[in-house]
Amino acid sequence: MKISLSPLGLGCAQLGNLYHAITDETAEATVRQAWDEGIRYFDTAPHYGLGLSERRLGAALSAHPRAEFVISTKVGRVLEPDPGGASRTDSQGFVVPAVYKRRWDFSRDGILRSLDDSLERLGLDRVDVVYVHDPDEHFEDTVNGAFPALLELREQGVVDAIGAGMNQAPMLTEFVRRFDLDVILLAGRYTLLNQPALDDLLPLCAERGVDVVAGGAFNAGILATTSPGTMYDYAEAPAELVERAQRIADVCARHGVELPQAALALPAAHPAVVSVVVGAHDPGQVRLNAERFRRPVPRALWTDLIRAGLLREDTVLRQEEP
């Protein structure tokens, strides 16, 4: 089923205290700012803060009519109580007490349980989109368990759209080939620094009418500021990658474009991409990202980046791009 996503979406990992803690009030204000900026698509997951992101997002969105927003969550990790974890901090990047432990489960029962738990945390009776989350090491279980379950849920009208969310393109490509998916969430693999999705995934999605949500446009930090940062895909960036990002920033500057502005504009310009999802720790980050997203980027910038060998020659742009 085709669903309508706002061109800019809010990724809600930060609502789960990704890397550092924020208050409930800041989380609520962040969602409120996103709403004020016209964002109507919100993506979350049980993984984000051991359910904290879902609880905070559901509470914040309860102020708005359900028909006016689209929400996606994910399946594949079931949260189970860990009574001994209260004195420990979660080990997977979220600053929350480890009162739950994640268990991989791509079986039909695991999918149904995960979704039921998510609905309870969100305080909703339905979500619009369900993604299989990071099934990199669980291909067969996903093919034989998760997707058949999700197809059944979609047929029953329990969810409107199904897909997968991953940090790689090859397995997503195989899922699109095998199943009647509606949408995929591709993180960090169609960015200013990294475009492997052009090989097969994006052309296949365009051919089959599968919508693409682009995440990780900043590659976890290096492209998030006007001068390149030092983090790339959650690790210290190699010097040659920082140097390449600086060369890209220099070309952008000649066109009056900031590096993060271009980082948001590139995936948004691909015909298969329907939404770019960006996270934020506070309302100010939401405001800044929305402002940058709205600024036009001249087509000549992409042409110059291609000529400089900084962008692939087969980069595809929407016809209506200026």
Side-chain angles (χ1 to χ4, degrees), residues 1-18 22 24 27-79 94 111-134 146 149-150 153-154 156-166 181-187 210-216 273-280 283 286 289-290:
M1 174 180 178
K2 284 291 183 182
I3 54 173
S4 179
L5 305 181
S6 57
L8 183 64
L10 183 68
C12 295
Q14 285 86 343
L15 299 189
N17 289 356
L18 180 64
I22 62 174
D24 290 344
E28 191 278 333
T30 299
V31 175
R32 185 171 64 248
Q33 184 66 44
W35 191 274
D36 291 344
E37 298 290 349
I39 292 172
R40 296 295 182 269
Y41 173 44
F42 303 85
D43 175 68
T44 185
H47 173 55
Y48 303 157
L50 297 172
L52 179 61
S53 171
E54 290 181 317
R55 290 192 294 272
R56 283 173 162 173
L57 180 63
L61 289 177
S62 66
H64 303 288
R66 179 62 185 89
E68 293 186 12
F69 61 85
V70 173
I71 190 167
S72 58
T73 193
K74 306 181 183 76
V75 292
R77 293 174 175 91
V78 173
L79 301 183
F94 297 92
I111 298 308
L112 296 178
R113 175 182 166 182
S114 180
L115 182 56
D116 283 345
D117 289 349
S118 288
L119 291 174
E120 182 176 353
R121 287 187 290 266
L122 287 162
L124 298 173
D125 59 4
R126 66 180 178 88
V127 292
D128 304 280
V129 184
V130 178
Y131 298 112
V132 181
H133 197 189
D134 295 337
L150 290 180
L153 290 174
R154 186 180 65 185
Q156 294 170 351
V158 176
V159 299
D160 293 331
I162 63 170
M166 302 184 72
L181 304 186
D182 303 288
V183 58
I184 61 164
L185 199 167
L186 173 68
V210 176
D211 289 338
V212 177
V213 173
V273 173
V274 298
S275 185
V276 178
V277 169
V278 187
V286 175
N289 288 333

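Note that the structure is a prediction, hence the values are computed from the model and not measured.
Distance CG/D182 to CG/D211: 8.0 Å, rounded to 0.5 Å. Rounded to the nearest 0.5 angstrom, R121 CZ and L79 CG are separated by 4.5 Å. T30 OG1 to L57 CG: the interatomic distance, rounded to the nearest 0.5 Å, is 11.0 Å. A distance of 8.5 Å separates CG in L119 from OG1 in T73, rounded to the nearest 0.5 Å. Atom CD1 in I111 sits 9.0 Å away from atom CG in L153 (nearest 0.5 Å). A distance of 11.0 Å separates CD of E68 from CG of L61, quoted to the nearest 0.5 Å.
Between Y48 and the options E54, Q14, K74, a side-chain contact (heavy atoms from CB on, under 4.5 Å) holds for only K74. For the side-chain contact (heavy atoms from CB on, under 4.5 Å) test with L8, the passing option among I39, V286, V277 is I39; the others fail.
Counting only distance, with no hydrogens or angles, the side chain of R55 and the backbone of L122 share no donor-acceptor pair below 3.5 Å. Side-chain atoms of N17 come within 3.5 Å of backbone N or O of I22 as a donor-acceptor pair. Without hydrogens or angle criteria, S6 side chain to Y41 main chain gives a donor-acceptor distance under 3.5 Å. No donor-acceptor pair closer than 3.5 Å links the side chain of S53 to the backbone N or O of T44.
Closest approach of G165 to Y131, counting heavy atoms only: N-CB, 3.8 Å. Heavy atoms only, all atoms of each residue included: S275 and L5 are closest at CB-CB, 4.1 Å. Contact record, V210 with L181: CG2-O, 3.5 Å, taken as the closest heavy-atom pair.
Listed by chain and number, the residues in a side-chain contact (heavy atoms from CB on, under 4.5 Å) with D134 are R77, W104, D136, N167 (sequence neighbours excluded). With sequence neighbours left out, R66 forms a salt bridge (Lys or Arg N to Asp or Glu O under 4.0 Å) with D128. Residues passing the ring-ring contact (aromatic ring centres under 6.0 Å, His included) test with F94 are H47, sequence neighbours excluded. Listed by chain and number, the residues in a side-chain hydrogen bond (donor to acceptor under 3.5 Å, both in side chains) with E37 are Q33, R294 (sequence neighbours excluded). Residues passing the salt bridge (Lys or Arg N to Asp or Glu O under 4.0 Å) test with D36, sequence neighbours excluded: none. Taking the salt bridge (Lys or Arg N to Asp or Glu O under 4.0 Å) definition, one finds that R113 meets it with E80, D117, sequence neighbours left out.
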Audit row: V213, D43, side-chain contact (heavy atoms from CB on, under 4.5 Å) steps and yes/no: CA-CA 10 Å; V213 173; D43 175 68; over 6 Å; no

Step-by-step side-chain contact (heavy atoms from CB on, under 4.5 Å) determination, V31 to L10: CA-CA 8 Å; V31 175; L10 183 68; 4.3 Å; yes

